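Not measured: the values here are computed from a predicted model. We number each residue from 1, following the sequence as shown.
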Amino acid sequence: MSRQAPSPTVPVALPSADDIRAAHARIADQIQNTPCLHSRTLSAIAGCELYLKFENLQFTASFKERGAANRLMTLDPGAATHGVIAVSAGNHAQGVAYHARRLGIAATIVMPSFTPAGKVENTRRLGAEVVLTGDNFAQARSAMEALAVERSLTIVHPYDDAAIIAGQGTIGLEMLEAQPSLDTLVIAVGGGGLISGIAIAARALRPDIEIIGVQVAGFTGAYRAWRAAGHEQAPEAPLDAGGPTLAEGIAVDAPGRLNEAAIGALIDHMTIVREPDIERAMVMLLDVEKTVVEGAGAAGLAAVLVDPQRYRGKRVGLVLCGGNVDMLTLADVTLRQLARENRLARLSLAAPDSPGSLARIARTVGGEGANIEEVSHQRAFTDLPARQVRIEITISIRGTEHLERVVSALRAEGFDTAVNRPR
């Protein structure tokens, strides 16, 4: 399908492709030109040729470094002398802190009071002054704006800033330099700085390239803005519920003003993915590519996996935009996905409350080549007769057929066995 050149109605306040090229030259020595590699295994699973841009390999494990570096390196001398301020509970905070210290610029980061201690300490370790305030992000942002006025600090916005957008757009230049035959780019969207910059850069090099944005259910402001900009044929997005999400890096209520215009003019399609889709993609990247990504970093792969027909046979570029995920969260996500894939299973058995019952269960499970990971007994909170006990076991197995064999063997031994299915 041929495509017209980018719409001339895109505001001039957005960076141009030349601005993005200049940003790339400016920050080249300060950020990693991360690999953009073909994944044979994921390509076979998805039915298309997948190429992964490993932005989780940046020093602070996120693409946010690019925009932060470009914004800080283009400050006028007076602003640099006074210092900068940003509000963030995550990747933007660390990107600003790291590059401000490298450039000798004082940085203040305002974080909501509920920010996990690890993120606070990481930001301080990178040289920034951290101010914890506000019971929510809106309160923290208001405090940041007041502090900026009080101290004459320059605000470094996480996404609605031309220099930030230009810095993020350097990813598009690198992807098409490494893999010039890509047909489609699939990009996570929160505030929109990443997809706007990449779209401007990619359209300048390849006007016909397809660009698809991905949002997480509950935070679909960019999707609705894109639909309202002339894509009414797309389904209406459900009303946002907000709430916790693994993809916290794209949990933004609405795109920035500049980015809203770019998304409406330059993006071909938008997809909404859900929490289980993101969990599956995170675990698949860990299992197949041996790389750790956060929820937002897995959103592109999640979009491909939920709509394989759209991508069938195409050469698709994905940005693994960040890898900052809490290890306990990653462990929980991994176990949940293993359960969905029947590589872990939890069985509930009714057994005689007598010596030898547990040993019989263990022998039966082991005889089928499965391994018991965890055992619990329940006597009080059950409707079984008093001489019976509810035994729950977690077993590691090799898939659905293996699970069925284990369950059949237990039932043949006289144990009333049920599988606790994950949702």
Side-chain angles (χ1 to χ4, degrees), residues 60-65 67-68 71-72 75 79 82-101 105-161 164 168 188-194 215-222 225 239-260 275 294-296 321-322 324-326 328-329:
T60 62
S62 165
F63 78 97
K64 289 285 191 177
E65 278 192 37
R71 180 71 179 93
L72 293 171
L75 286 174
H82 282 97
V84 298
I85 190 168
V87 59
S88 171
N91 294 334
H92 181 61
Q94 294 181 63
V96 172
Y98 171 56
H99 285 285
R101 182 178 66 178
I105 299 170
T108 302
I109 307 295
V110 178
M111 294 179 140
S113 56
F114 55 80
T115 303
K119 291 185 177 181
V120 174
E121 288 310 309
N122 285 344
T123 305
R124 284 184 175 139
R125 193 177 300 118
L126 291 168
E129 175 191 353
V130 174
V131 176
L132 289 171
T133 186
D135 295 330
N136 54 49
F137 199 81
Q139 291 177 6
R141 182 170 56 239
S142 295
M144 181 271 296
E145 291 168 350
L147 200 57
V149 173
E150 178 185 328
R151 297 185 182 180
S152 299
L153 303 176
T154 298
I155 294 173
V156 181
H157 197 282
Y159 48 82
D160 201 20
D161 180 290
I164 293 286
Q168 322 304 26
V189 184
L194 177 64
Q215 292 220 279
V216 62
F219 297 90
T220 57
L239 292 177
D240 288 342
T245 174
L246 278 172
E248 58 188 20
I250 55 173
V252 178
D253 291 333
R257 180 183 59 85
L258 296 179
N259 301 317
E260 181 175 335
E275 296 300 307
E294 59 193 81
C321 55
N324 288 310
V325 58
D326 175 76
L328 289 176
T329 300

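With hydrogens and angles ignored, the 3.5 Å screen pairs no side-chain donor or acceptor of E260 with any backbone N or O of P255. Side-chain atoms of D161 never come within 3.5 Å of backbone atoms of R71 as a donor-acceptor pair (strictly under, hydrogens ignored). Although no hydrogens or angles enter the test, the distance criterion places a donor-acceptor pair under 3.5 Å between the side chain of H92 and the main chain of V156. Formation of a donor-acceptor pair under 3.5 Å by the T220 side chain with backbone atoms of A217 is not found in this model. One N or O on the side chain of Q215 and one on the backbone of A222 form a donor-acceptor pair closer than 3.5 Å. Although no hydrogens or angles enter the test, the distance criterion places no donor-acceptor pair under 3.5 Å between the side chain of E129 and the main chain of T108. At distances below 3.5 Å, not a single donor-acceptor pair connects side-chain atoms of S62 with backbone N or O atoms of G322. Under a 3.5 Å cut-off, the side chain of R101 and the backbone N or O of R125 do form a donor-acceptor pair. When atom types are taken as modelled, the side chain of T123 and the backbone of Q94 share no donor-acceptor pair closer than 3.5 angstrom.
Taking CG from N136 and CD from Q139, the interatomic distance works out to 4.0 Å, rounded to the nearest 0.5 Å. Taking NZ of K64 as the reference point, atom NE2 of H99 lies at 13.0 Å (rounded to 0.5 Å). For the atom pair I155 CD1 and D160 CG, the distance stands at 12.0 Å (nearest 0.5 Å). To the nearest 0.5 angstrom, E145 atom CD is 11.0 Å from L147 atom CG. The structure places OG1 of T60 at 3.5 Å from CD of E65, a figure rounded to the nearest 0.5 Å. How far OG1 of T329 is from CD of E294: 11.5 Å, rounded to the nearest 0.5 Å.
T245 approaches A251 most closely through the heavy-atom pair CG2-CB, 3.7 Å. When all heavy atoms are compared, the tightest approach of I85 to A148 is CG2-CB, 3.7 Å. Nearest heavy atom pair, residue I109 against residue A128, reads CG1-CB, 3.7 Å. For M111 against A93, the heavy-atom pair with the smallest separation is CE-CB, 3.9 Å. For N324 against A61, the heavy-atom pair with the smallest separation is OD1-CB, 3.5 Å. Considering every non-hydrogen atom in both A68 and I164, the closest pair reads N-CD1, 3.9 Å.
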Derivation of the side chain to side chain contact (heavy atoms under 4.5 Å, CB included) call for L246 and E275 = CA-CA 7 Å; L246 278 172; E275 296 300 307; 3.6 Å; yes
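Counting heavy atoms from C-beta outward, V96 and S88 have side chains that stay 4.5 Å or more apart.
Listed by chain and residue number, V120, E121, V130 satisfy the side chain to side chain contact (heavy atoms under 4.5 Å, CB included) test with R124 (two or more places apart in sequence, or in another chain).
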